[in-house]
Number of protein chains: 2
Amino acid sequence: MGGFLKQNESLDEAAVRVLNKLTGLENVYLEQIQAYSEVDRDPVERTISVSYFALINKEEHDFELTRKYDAHWFNFDNLPTTIFDHPKMIRRALRRLRRKAITYPLGFELLPEKFTMKQLQNLYECILNQKLDKRNFINKVNFLNILIKLDEKDKSTSKKGAFLYKFDETQYKKKSREGYNLKIP
Amino acid sequence: MGGFLKQNESLDEAAVRVLNKLTGLENVYLEQIQAYSEVDRDPVERTISVSYFALINKEEHDFELTRKYDAHWFNFDNLPTTIFDHPKMIRRALRRLRRKAITYPLGFELLPEKFTMKQLQNLYECILNQKLDKRNFINKVNFLNILIKLDEKDKSTSKKGAFLYKFDETQYKKKSREGYNLKIP
DNA sequence: TTAAAAAATGTAAAGTTTACACATATTGAG
DNA sequence: CTCAATATGTGTAAACTTTACATTTTTTAA
């Protein structure tokens, strides 16, 4: 989705505004990717676009709004054809997201407050578009020290139930500053 | 150094133009970092800046031009105070350069056609601002397979002389596309 | 002939990553 | 009450990578 920058706002603010207008979402993680400025990229008039990616929990958005603005969700492996240099933007955003995922924690933005290891693993498998080994994944994540294991279980997906975790906010923020390397090939 | 974007050029082209105007350099490696757009960043008028970093072989620039435009060179650990959000831009650029250095080859842009291992190591030590172990560095670099060892020696720095290398252009380009991880802590 | 100076070279130990399979807990059905 | 079904939870050995580290080689100028 796109929009135009106003006089009294920064690009970050504009990105927040446009996203909110079309989804109703607030407090979303947004990150600038880069500026696209080829002279003829928009055949009608000179346009410079600055792209962002957002981490959204899709279930939380306002379905009314997306309907109203005729916005749609697509899987990365089933994208519609897009105009101008937008395909390039999308590819670049995905590359950035993947790099981000293996070097900084980004779960807060996308998981419910309490979640199972399986859910966390699913998230990474989606982002990276590859299957991960359960045991190795858990070991890597535990090593990061950003999760707190709760006494509760989620029984919605199995009879045994799976322990719930939440993020250790202090550690999470620390790792967000420092970064790490999850070393997923 | 900064400048203004013209109607008939892209940001990349503007960056090339400005750099050339102030240094006379051509065919320089330039990479966009990002757009800075806070409403009040320039107290005089609304300005959006897009920052770039360039890889320059300093010896090759036109000294007349830098003198004419009163441009100066600074070490990263001895920077002058700069206006607006430029300190942030500089920090970000350095972070990007370091990441780049350990994940993509960037020697072509900064070394003479033929160079010694020592020179290559010096380059990395400067960029990363840390001493590297000679043997480990050589092993890592050789593993990348991007160098061709020549039969010539450079005798300017020792009586024994040090073998000269050049980049294997095909391999170099391949690695530039694929990336790698030099795993320097 | 020797001294000086930088270049070239290899390995063992420590640490990390990978691949891989079975036991456990729970409950719904019979 | 028992059993079947199902997803969860757990550990290790082998392969690989990284690290730390010291001596020999080559050349020439004195």
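Keep in mind that the numbers below use all heavy atoms, side chains included, and drop hydrogens, waters and symmetry copies. Throughout, protein chains are lettered first and strands after them, A, B, ... in sequence-line order, and every chain is numbered starting at 1.
Residues B:Ile90 and B:Phe76 form a side-chain contact, since some pair of their non-hydrogen atoms from C-beta on lies under 4.5 Å apart.
Comparing A:Asn181 and B:Ala162 along DNA chain C, the residue whose closest nucleotide (by nearest heavy atom) sits nearer the 5' end is B:Ala162.
Atom-to-atom, CG of B:Leu144 to P of D:dT17 comes out at 13 Å; the value is rounded to the nearest Å. Between the CG atom of A:Leu182 and the P atom of C:dT18 there is a distance of 10 Å, rounded to whole Å. Rounded to whole angstrom, the span from the NZ atom of B:Lys183 across to the C1' atom of C:dG15 amounts to 12 Å. The separation between A:Ile184 atom CD1 and C:dT17 atom C1' is 12 Å, rounded to whole Å. One interatomic measurement links the two molecules: CZ of A:Phe143 to C1' of C:dT18, which rounds to 16 Å at whole-angstrom precision. Atom CG of B:Asp154 and atom C1' of D:dT26 are 15 Å apart (whole Å).
Heavy atoms of other residues, nucleotides or ligands lying less than 6.0 angstrom from CD of B:Glu178 number more than 12. Taking a 6.0 Å sphere around NZ of B:Lys100, one finds it holds more than 12 heavy atoms contributed by other residues, nucleotides or ligands.
The side-chain contact (heavy atoms from CB on, under 4.5 Å) check on B:Leu5 picks up A:Arg46, A:Ile48, B:Glu9, B:Leu11, B:Ala14, with sequence neighbours excluded.
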Using nucleotides 12-14 of chain C, report all nitrogen or oxygen pairs with the protein that are shorter than 3.5 Å.
none

Between the protein and nucleotides 23-30 of chain C, list every N/O to N/O distance that falls short of 3.5 Å.
residue: C:dT24; atom: O2; partner: A:Lys160; partner atom: NZ; Å: 3.0
residue: C:dT26; atom: O4'; partner: A:Lys159; partner atom: O; Å: 3.3
residue: C:dT26; atom: O3'; partner: A:Lys159; partner atom: O; Å: 3.2
residue: C:dT27; atom: OP1; partner: A:Lys155; partner atom: NZ; Å: 3.4

- Message: The test is side chain to side chain contact (heavy atoms under 4.5 Å, CB included); show your working for B:Val16 and B:Leu30 and say whether it passes.
- Response: CA-CA 8 Å; B:Val16 169; B:Leu30 276 159; 3.5 Å; yes
- Give the intermediate values and the outcome of ring-ring contact (aromatic ring centres under 6.0 Å, His included) for residues A:Tyr180 and A:Phe143. CA-CA 11 Å; A:Tyr180 48 73; A:Phe143 184 72; 9.8 Å; no
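Put simply, B:Leu144 and B:Phe163 are part of the same group of oily side chains (I, L, V, M, F, W, Y) that touch within less than 4.5 Å, one to the next.
Among pairs with a residue in residues 122-151 of chain A, those fulfilling side-chain hydrogen bond (donor to acceptor under 3.5 Å, both in side chains) read A:Gln121-A:Glu125, at least two apart in sequence or across chains.
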Show which side-chain atoms of residues 55-65 of chain A pair as donor or acceptor with protein atoms under 3.5 Å away, not counting sequence neighbours.
residue: A:Asn57; atom: ND2; partner: A:Leu110; partner atom: O; Å: 3.4
residue: A:His61; atom: ND1; partner: A:Lys58; partner atom: O; Å: 2.5
residue: A:His61; atom: NE2; partner: A:Thr66; partner atom: OG1; Å: 3.3
residue: A:His61; atom: NE2; partner: A:Trp73; partner atom: NE1; Å: 3.4
residue: A:Asp62; atom: OD1; partner: A:Glu64; partner atom: N; Å: 2.9
residue: A:Asp62; atom: OD1; partner: A:Leu65; partner atom: N; Å: 3.2
residue: A:Glu64; atom: OE2; partner: A:Arg67; partner atom: NH2; Å: 3.1

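Scanning residues 113-140 of chain B for heavy-atom distances under 4.0 Å to DNA chain D yields B:Asp133, B:Arg135, B:Asn136, B:Lys140.
Of the candidate nucleotides C:dA7, D:dT17, D:dT8, C:dA7 has the atom nearest to the side chain of B:Ser158.
Salt bridge B:Glu169/B:Lys173: present, at least one basic N to carboxylate O contact under 4.0 Å.
A:Tyr29 and A:Glu31 share a donor-acceptor pair across their side chains, judged by distance under 3.5 Å alone.
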